[in-house]
Peer 1: 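Below you'll find the structure I mean.
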Amino acid sequence: MLADFFQYDFLRYTFLTGLLIGIIAPLLGTFIVVRRLSLIADALSHVTLAGISFGLMLEKLLVISFSPLLGGMIFSVIGSILIERLRSVYKAYQEIAIPIILSGGVGLSVIFIALANGFNNDLFNYLFGSVSAVSRSDFLMIVTISIFVVFMVTIFYKELFTLSFDEEHATVSGLHSKTIHLLFIVLTALVIAASIRIVGVLLVSALMTLPVAAAMRIAKGFKQMIGLSILFGELAIIIGLISGYYLNIPPGGTIVMVSILILLISIGMKRLKFFKAVKAREIK
Amino acid sequence: MGKPVVSMKNVTYAYEDKIVLDHINFEIPQGSLMGLTGPNGGGKTTLIKLLLGILKPDEGTINIYEEPVSKFKGRSKIGFVSQKANSFNRGFPATVFEVVSTGLTAKIGYFKFMNKKHKEKILHAIDQVGMSEYTYQNIGNLSGGQQQRVFIARALVSDPELLILDEPTVGIDYENVRRFYDLLHQLHEKRNITLLLVTHDTGIMTEHATDIVCLNKTLHFHGKPEEYHSLSEKELSNFYGYPVHVVEHNH
């Protein structure tokens, strides 16, 4: 069944890209979820869409080759910095930054799409993901992003964890919380741009949060949660990609549904454990 | 008593135009266990925030180890257990070990990894607060009193010379409050840590403190526990702004 994935170049790129984002999306997602910033991923993915549309528009209007993914990445990083600016402007209502950036992203996308004279198939792939859309240059860019993200999270793991657990304490103890937070948001933006090829704009935040939500139910500690999140993420991507390919469904849909299934199982398992514990106690 | 760990001179702070602290002068001598008390809204937490450099005074100077707070580099010399420690996100999936390790992050420094020595330090701090058997348990599963001990361990792990505790016993049952004070006493005696303890519960605090400061916008009292006990109910009521009855704790 997997044979196709190794036989054809484009499928091999897709598969390997999938494995990479299966690591980096839940890795960053763990910090996003515990810091209650899940919606930021959504806002950034929509800004990324604006960048992609911008790239597609340039390609079409100027007939030059411009990587839409690069456009997406640049917009996403700029969007992440804007969100932080807005969050410091509206200190008491920080979440307002999210709808502003999200709608701004969609608004820009619509304009770019219209200027490029409407939808095309490519855009559909960016919205819902695709098993056949990863080019060699996309793949190389995603490999670079993945290495960079894993490297940065490893180097700054203790600072990121300290900040996530207790921001006030982190600041008081002398950490440069603002700088670390900015680094974190920029990394998030990069991960989103990298993941969009496979899962699509609309579902990228799911890949960052659903595996984490499942791991959270089971994990005893933070490192264990990261490990489990990556495991669940990989599982969802492998099953989702293969089934999406054979069923001819965009993989964004299948990956998210597998993630939800994993989430339900983890909730069920915890319930089962709880009932068993209660029964054991009753017998005692 | 040695030289002052903290000295505040003429410190004034206002939120918008509401003055919260009005020309405060006091020192925390090295090796003391200072109890800071006063009514709600009297400026206790503001004072702590000024000390930690979270807020900046409108007037006056604050020195820590004879350096202005804003320029003070030895942050790891100060341990802090905040009021919020009681209300942290209980669902946060972290083990006791991981939580205590965050107390070392700044001390280890950027671009450096935790080594064996640091891990031993963390285990030692957990042991010191009597939580060893819970080292790899999820912090969310512990009781309020146990969590409090973990936060103290987090503050202790960087070997602070000054430990600041803001309302550390709020929401903790009496038995655990007693254990908590025993622990403070031990730290104070054995490790010669200077302690600043902010609390409402003056009864039990005065048994342990070496110095007491009462704060309600201005400094109303600064002295030894014996002197504090000799204050009349009338004087205390004046200071708190409402009638106070001295109740003896029976132990």
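These figures come from a predicted structure and were not determined experimentally. Residue numbers start from 1 in every chain, and the chains themselves are labelled A, B, ... in the order their sequence lines are given, proteins ahead of strands.
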Peer 1: Indicate yes or no: at least one non-hydrogen side-chain atom of A/Ile155 is less than 4.5 angstrom from one of B/Phe111.
Peer 2: yes
Peer 1: For the interface with chain A, which of B/Ile54, B/Val96, B/Asn138 has the highest count of heavy-atom pairs at distances below 4.5 Å?
Peer 2: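 So the answer, after comparing B/Ile54, B/Val96, B/Asn138, is B/Asn138.
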Peer 1: Flag the one option from B/Ala106, B/Ala155, B/Ser158 with the top tally of heavy-atom pairs under 4.5 Å to chain A.
Peer 2: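 Top count of heavy-atom pairs under 4.5 Å with chain A: B/Ala106.
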Peer 1: How far apart are the closest heavy atoms of A/Glu159 and B/Tyr110, and which atoms are they?
Peer 2: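 What the structure gives for the nearest pair is OE2-CD2, 3.4 Å.
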Peer 1: When you compare the side chain of A/Phe161 with that of B/Thr105, does any pair of heavy atoms fall below 4.5 Å?
Peer 2: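 Sidechains of A/Phe161 and B/Thr105: no contact.
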Peer 1: Quick one: are A/Lys220 and B/Pro93 in side-chain contact, heavy atoms under 4.5 Å?
Peer 2: no
Peer 1: Would you mind telling me which of B/Leu52, B/Ile48, B/Ile78 makes a side-chain contact (heavy atoms from CB on, under 4.5 Å) with A/Val172?
Peer 2: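 Checked B/Leu52, B/Ile48, B/Ile78 against A/Val172; only one passes side-chain contact (heavy atoms from CB on, under 4.5 Å): B/Leu52.
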Peer 1: Start with the C-alpha gap between B/Leu104 and A/Lys158, add the side-chain angles, then the distance that decides, and say whether side chain to side chain contact (heavy atoms under 4.5 Å, CB included) holds.
Peer 2: CA-CA 9 Å; B/Leu104 270 184; A/Lys158 65 182 194 309; over 6 Å; no
Peer 1: Sort A/Ile180 into side chain, backbone, both or neither according to what part of it lies under 4.5 angstrom from a heavy atom of chain B.
Peer 2: side chain
Peer 1: Of the backbone (N, CA, C, O) and the side chain (C-beta and beyond), which part of B/Phe97 lies under 4.5 Å from a heavy atom of chain A, both, or neither?
Peer 2: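 Answer is neither: B/Phe97 stays 4.5 Å or more from chain A.
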Peer 1: Measuring centre to centre across the rings, with the benzene-like ring taken for any Trp, is B/Phe113 within less than 6.0 Å of A/Tyr157?
Peer 2: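 No, they do not, as the ring centres are separated by 6.0 Å or more.
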Peer 1: Within the 4.5 Å heavy-atom criterion, are A/Asp166 and B/Arg154 side-chain neighbours or not?
Peer 2: yes
Peer 1: Would you call the rings of B/Phe92 and A/Phe165 parallel, tilted or perpendicular, taking 30° and 60° as the class edges?
Peer 2: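 Perpendicular.
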Peer 1: Side chains of B/Arg75 and A/Ser173, heavy atoms from C-beta outward: is any pair under 4.5 Å?
Peer 2: no
Peer 1: If you tally heavy-atom pairs under 4.5 Å against chain A, which of B/Lys112, B/Gln137, B/Met114 wins?
Peer 2: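 The answer is B/Lys112.
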Peer 1: Under 6.0 Å between the ring centres of B/Phe151 and A/His169?
Peer 2: no
Peer 1: Is chain B contacted by the side chain of A/Thr154, its backbone, both, or neither, given a heavy-atom distance below 4.5 Å?
Peer 2: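 Both backbone and side chain of A/Thr154 come within 4.5 Å of chain B.
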